[in-house]
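See below for the structure under consideration.
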There are 2 protein chains.
Amino acid sequence: MGTPQLTKNQSLVMGALAHSDGPMSAYTILDKLRDHGFRAPLQVYRALDKLLEYGLVHRLESLNAFVACTCPHEHEHDHGVTAFTICEGCGQVTEFHDEAIEERLSSLVRTQNFKTEKTTIEIRGHCKSCA
Amino acid sequence: MGTPQLTKNQSLVMGALAHSDGPMSAYTILDKLRDHGFRAPLQVYRALDKLLEYGLVHRLESLNAFVACTCPHEHEHDHGVTAFTICEGCGQVTEFHDEAIEERLSSLVRTQNFKTEKTTIEIRGHCKSCA
DNA sequence: TCGCACACGTTATAGCATAACGCAATTGAT
DNA sequence: ATCAATTGCGTTATGCTATAACGTGTGCGA
């Protein structure tokens, strides 16, 4: 259940995200990859779906955009919750993980008898430089 | 700095959300309000902007949808972080607040010298009945 | 070699959100 | 009272985000 070999399209999308400074929308990725033969949104979305499934990419719900995962070693075992700070000034996104939050959330949710499938934590604000 | 009197459009949108079982998209709200004279998305979005500002409504980023706030007394003093469980089965959304998470997040973010403006916590999964 | 799973390509369409214009009503300072 | 600023409103048009539905090709195990 490791990460399979990426297809050509998946590699291209992954590369675009990995070399980007910040998050990119699917359509921005599409534009970057037109020279490589991309012509339609679905080519991007299909690749993104797989990359998300493999844990190589995260979706930022509050931006409708995508970032490469910055925790390259964790792709094997699906680890817990991923959280992000997102700077409204420079667009910088920082990924972080915290066991305490994870446990607290899991405990709160358990009291509802709720079964978690995916947790989104996104903090919008301004980074040190943009304050 | 309390909540001002709502305008007609704001009241209509608020009413639609308050009487709804679950979250609604802006376009769904629009359809519900056509009989009351609504004709264009902007009428809904403008009302929603104000309702969000007043804290009467929350936006669910992972659904592109909106819900009425279920903590009617807290609208005065802008309180901390709001979190949601969202059932993929029945669509039920439950709002909750937790100081521990709030403090933990605030502490983590402080180590980045990041200034928080808005925090999104959304937990997708299945509720007790839909498990 | 048949059937299945999967990636791919294309066209069309659906769903979410805002830009830009102008008008009307309200408020508040001069 | 009047002018300016603000706010809400309505309309048209447009842009951004995401998926449906169709067909093609390829690899691989039964």
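Proteins come first, then strands; the chains are lettered A, B, ... in the order of their sequence lines, and each starts at number 1. Note that the structure is a prediction, hence the values are computed from the model and not measured. Note that these values count all heavy atoms, side chains included, but never hydrogens, waters or copies made by symmetry.
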May I ask you to check whether H58(B) and F66(B) place their ring centres under 6.0 Å from each other?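 Judged by ring-centre distance (under 6.0 Å), F66(B) and H58(B) do not meet the cut-off.
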Length of the line joining [X]:[atom1] and [N]:[atom2], which is rounded to integer Å:
{"X": "D49(A)", "N": "dC6(C)", "atom1": "CG", "atom2": "C1'", "answer": "14 Å"}
{"X": "L12(A)", "N": "dA7(C)", "atom1": "CG", "atom2": "P", "answer": "15 Å"}
{"X": "L48(A)", "N": "dC8(C)", "atom1": "CG", "atom2": "P", "answer": "12 Å"}
{"X": "Q43(A)", "N": "dC6(C)", "atom1": "CD", "atom2": "C1'", "answer": "16 Å"}
{"X": "L42(B)", "N": "dC16(C)", "atom1": "CG", "atom2": "P", "answer": "15 Å"}

Option among V57(A), L56(A), T7(A), L48(A) that satisfies the side chain to side chain contact (heavy atoms under 4.5 Å, CB included) test with V13(A):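 Answer after filtering V57(A), L56(A), T7(A), L48(A): L48(A).
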Run the salt-bridge test on E61(A) and R59(A) with the 4.0 Å N-O cut-off and return the result as yes or no.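 A salt bridge is present here (some side-chain N lies under 4.0 Å from a carboxylate O).
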Pairing of D31(A) and R34(A) as salt bridge, 4.0 angstrom limit: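 Salt bridge between D31(A) and R34(A), a charged N being under 4.0 Å from a carboxylate O: yes.
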If the cut-off is 4.0 Å, is K50(A) near the phosphate of dA7(C), judged by side-chain N/O to OP1 or OP2?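 Result: yes.
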Under-4.0 Å side-chain N/O to phosphate OP1/OP2 contact, R46(B) with dA19(C):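 No, no such contact exists.
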Anything under 4.0 Å to a heavy atom of chain A counts; send over the first and last such nucleotide of DNA chain D, read 5' to 3'.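 Footprint of chain A along DNA chain D, 5' to 3': dT17(D) to dA21(D).
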Cluster check I29(A), L60(A): I/L/V/M/F/W/Y, side chain < 4.5 angstrom: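 The answer is no; the residues belong to distinct hydrophobic clusters.
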Got a sec: does the NZ of K115(B) have more than 12 other heavy atoms crowding it under 6.0 Å?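 Atom NZ in K115(B) is not crowded, with 12 or fewer foreign heavy atoms closer than 6.0 Å.
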For a quick test of your reading: what N or O donor-acceptor pairs under 3.5 Å do the side chains of residues 124-131 of chain B make, sequence neighbours left out?
from	atom 1	to	atom 2	distance (Å)
R124(B)	NE	E88(B)	OE2	3.3
R124(B)	NH1	S62(B)	O	3.1
R124(B)	NH1	S62(B)	OG	3.1
R124(B)	NH2	E88(B)	OE1	3.2
H126(B)	ND1	E117(A)	OE1	3.1
H126(B)	ND1	E117(A)	OE2	3.0

Just by modelled atom types, is the L108(B) backbone N or O under 3.5 Å from a matching donor or acceptor in the Q112(B) side chain?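 Flag not set: sc Q112(B) to bb L108(B) has no pair under 3.5 Å.
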Going by number, which of residues 17-40 of chain B have a non-hydrogen atom under 4.0 Å from DNA chain C?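 Under 4.0 Å from DNA chain C: S25(B), Y27(B).
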Can you work out whether T7(B) or L63(A) has the more 5'-proximal nearest nucleotide on DNA chain D?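 It is T7(B) whose nearest nucleotide is closer to the 5' end.
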Where do E95(A) and T70(A) land on the side chain to side chain donor-acceptor pair (under 3.5 Å) test, with the steps shown first? CA-CA 7 Å; E95(A) 175 180 348; T70(A) 56; 3.0 Å; yes
